[in-house]
Amino acid sequence: MVLGGEHWYFGDEPYVDRNGYKRYPILECYLDYTYVKLVRENKIKRGTLDGVECFAFNTGLVDETYDPIIALCLRNDHANSEIFPWKLRFFAVMGKEKEGKTLMRCIDGLPERADYFSKDPTSIYLDPHLDICRSDVHILIDNCRRLPVDFIRKHIDASQTTIDGITLEEAYSNPNRLEYESYFEALKQVMNEPSKLRRMKDDFNAAQELAVKKAQWNYKTAVPTYFPTLDRMSLLLPLALVDETKVDVALVLSKEKAGYQGQTILTMNQAYIDSRLITRPDSDWLTTENKDSSSAEDDEEGEFLDEDLE
């Protein structure tokens, strides 16, 4: 079964990890965090299959006739059960084919899907009546590894971008590699120089203002997303930091009592993965067509959802 018939990876084809397995990072994160949300909402169905403990949950995806796809997991009886107490048995539609009939026997009723909107139905669009505060430029500095190389080149002298023998291009070829941690910490210090801060702030403010105008003109521009640990909704706005015709990063906006506040930035891949928790993005700026460095094998996919918003 092809889950939802979607393109669950970035670029032309899924990448292969060091063990030779094809990886589908969008689907992996989607299922992980959908399960977390369902546990919070007490929507996991439990039962037994041939005497083995099992549970099932609604993936939120549908088959070709729009029937919900359910995941069934069994208690793991292998040697690694302490680390992985459960194993995926299959995906199925209730009552359809062999697996669907098995679901009917082992769980009581159709599991409910996750609910993201009942707390605040207005969270899926940018409210034009609320103020939007200008974001702190340090959002860029703190997350400099997510910025496009051309933005760094524009604001940082070439002589300052090679640090301890590591070039700008090397560090940004895979920004999550551990050996580049010291590079980005040093780069933050360079970016914090007052003259550079002022120039970056001007570009940041201009990009945010343009993104807000686009969202006010077309509500689909602001894409809703859910952050599991904080159990809250936010919006993603496209920021064109270098060229107005090309989106570089996504700005995460949270809705507070006083209005909207920018919290962090995400790469395009990170933004797509986060937004896909809600639904398949219906936006012209957020797609799976492009593959950035955040989708590399040893990236921290799924780790960037909440730590910036605390």
Side-chain angles (χ1 to χ4, degrees), residues 2-15 17 22-37 59-62 114 116-117 123-126 139 143 145-148 151 172 174-176 207-208 211 214-215 218-230 232-242 245-254 262-309:
V2 178
L3 288 184
E6 290 191 37
H7 195 127
W8 291 107
Y9 50 85
F10 297 105
D12 296 328
E13 59 185 18
Y15 75 86
D17 67 18
K22 290 183 178 181
R23 299 296 299 274
Y24 299 85
I26 304 171
L27 181 59
E28 291 171 19
C29 285
Y30 173 83
L31 291 174
D32 284 347
Y33 290 113
T34 296
Y35 173 77
V36 169
K37 177 65 170 171
T59 66
L61 305 174
V62 296
Y116 295 99
F117 307 118
S123 61
I124 63 175
Y125 65 89
L126 188 71
I139 290 175
N143 299 283
R145 69 181 64 202
R146 300 173 183 174
L147 293 170
F151 183 82
Y172 277 88
N174 191 335
N176 287 325
Q208 179 175 317
K214 289 181 178 179
N218 180 358
Y219 72 95
K220 291 182 180 180
T221 300
V223 177
T225 186
Y226 171 73
F227 291 87
T229 303
L230 300 180
R232 67 181 297 181
M233 298 286 290
S234 295
L235 291 172
L236 301 177
L237 286 183
L239 293 188
L241 295 171
V242 180
T245 64
K246 181 179 181 298
V247 177
D248 299 305
V249 295
L251 175 67
V252 179
L253 280 184
S254 64
Q263 297 289 349
T264 189
I265 58 169
L266 301 176
T267 68
M268 292 295 94
N269 289 10
Q270 292 173 340
Y272 189 94
I273 288 176
D274 285 11
S275 64
R276 185 57 191 86
L277 294 178
I278 307 300
T279 188
R280 189 174 184 175
D282 182 16
S283 171
D284 59 359
W285 67 272
L286 201 53
T287 71
T288 60
E289 294 178 1
N290 297 320
K291 180 178 179 179
D292 63 37
S293 58
S294 71
S295 65
E297 176 183 352
D298 51 354
D299 223 24
E300 301 169 0
E301 287 161 335
E303 298 295 328
F304 39 71
L305 285 169
D306 295 325
E307 72 275 10
D308 305 312
L309 303 179

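FYI, side chains are in, hydrogens and waters are out, and symmetry mates aren't considered; it's all heavy atoms of this structure. Index from 1, following the sequence.
To the nearest 0.5 Å, the span separating NZ on Lys220 from CG on Asp284 amounts to 9.5 Å. How far NZ of Lys246 is from CG of Leu241: 10.0 Å, rounded to the nearest 0.5 Å. To the nearest 0.5 Å, atoms CG (Leu286) and OG1 (Thr221) are separated by 11.0 Å. Atom CG of Asp282 sits about 12.0 Å away from atom OG1 of Thr287, to the nearest 0.5 Å. Atom SG of residue Cys29 and atom CG of residue Leu277 lie 8.0 Å apart, to the nearest 0.5 angstrom. Between atom CD1 of residue Ile278 and atom OG1 of residue Thr34 there is a gap of 8.5 Å, rounded to the nearest 0.5 Å.
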Could you walk me through whether Phe151 and Val249 pass the side-chain contact (heavy atoms from CB on, under 4.5 Å) test, one step at a time?
CA-CA 11 Å; Phe151 183 82; Val249 295; over 6 Å; no

* **From CA spacing to verdict: side-chain contact (heavy atoms from CB on, under 4.5 Å), Arg146, Leu266** => CA-CA 6 Å; Arg146 300 173 183 174; Leu266 301 176; 3.6 Å; yes

* **Verdict with supporting geometry, Glu28 and Trp8, side-chain contact (heavy atoms from CB on, under 4.5 Å)** => CA-CA 9 Å; Glu28 291 171 19; Trp8 291 107; over 6 Å; no

- Task: Go through Ile265 and Leu147 one step at a time and tell me if the side-chain contact (heavy atoms from CB on, under 4.5 Å) criterion holds.
- Result: CA-CA 9 Å; Ile265 58 169; Leu147 293 170; 3.7 Å; yes

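The only member of Thr264, Val252, Leu253, Val223 that meets side chain to side chain contact (heavy atoms under 4.5 Å, CB included) when paired with Ser234 is Val252.
Nearest heavy atoms, Ala250 versus Met268: N-CE, 3.5 Å. Nearest heavy-atom pair, Leu235 versus Ser123, reported as atom, atom and distance to 0.1 Å: CD2-O, 3.4 Å. Contact between Ala207 and Ala240 at its shortest, heavy atoms only, is CB-O, 3.6 Å. The minimum heavy-atom distance between Ser283 and Trp285, with the atom names listed, is OG-CD1, 2.7 Å. Scanning both residues, Asn143 and Ile139, for their nearest heavy atoms gives ND2-O, 2.9 Å. Of all heavy-atom pairs between Ala271 and Leu236, the closest is O-CD1, 3.5 Å.
The 12-atom threshold is not exceeded at OH of Tyr219, counting heavy atoms of other residues, nucleotides or ligands nearer than 6.0 Å.
Side-chain atoms of Arg276 never come within 3.5 Å of backbone atoms of Ile26 as a donor-acceptor pair (strictly under, hydrogens ignored). For Asp248 (side chain) and Val242 (main-chain N/O), a donor-acceptor pair under 3.5 Å exists by modelled atom type.
Side chains of Phe10 and Ile273 form a contact here, defined as non-hydrogen atoms less than 4.5 Å apart.
Between Tyr226 and Tyr116, the ring centre distance stays below 6.0 Å.
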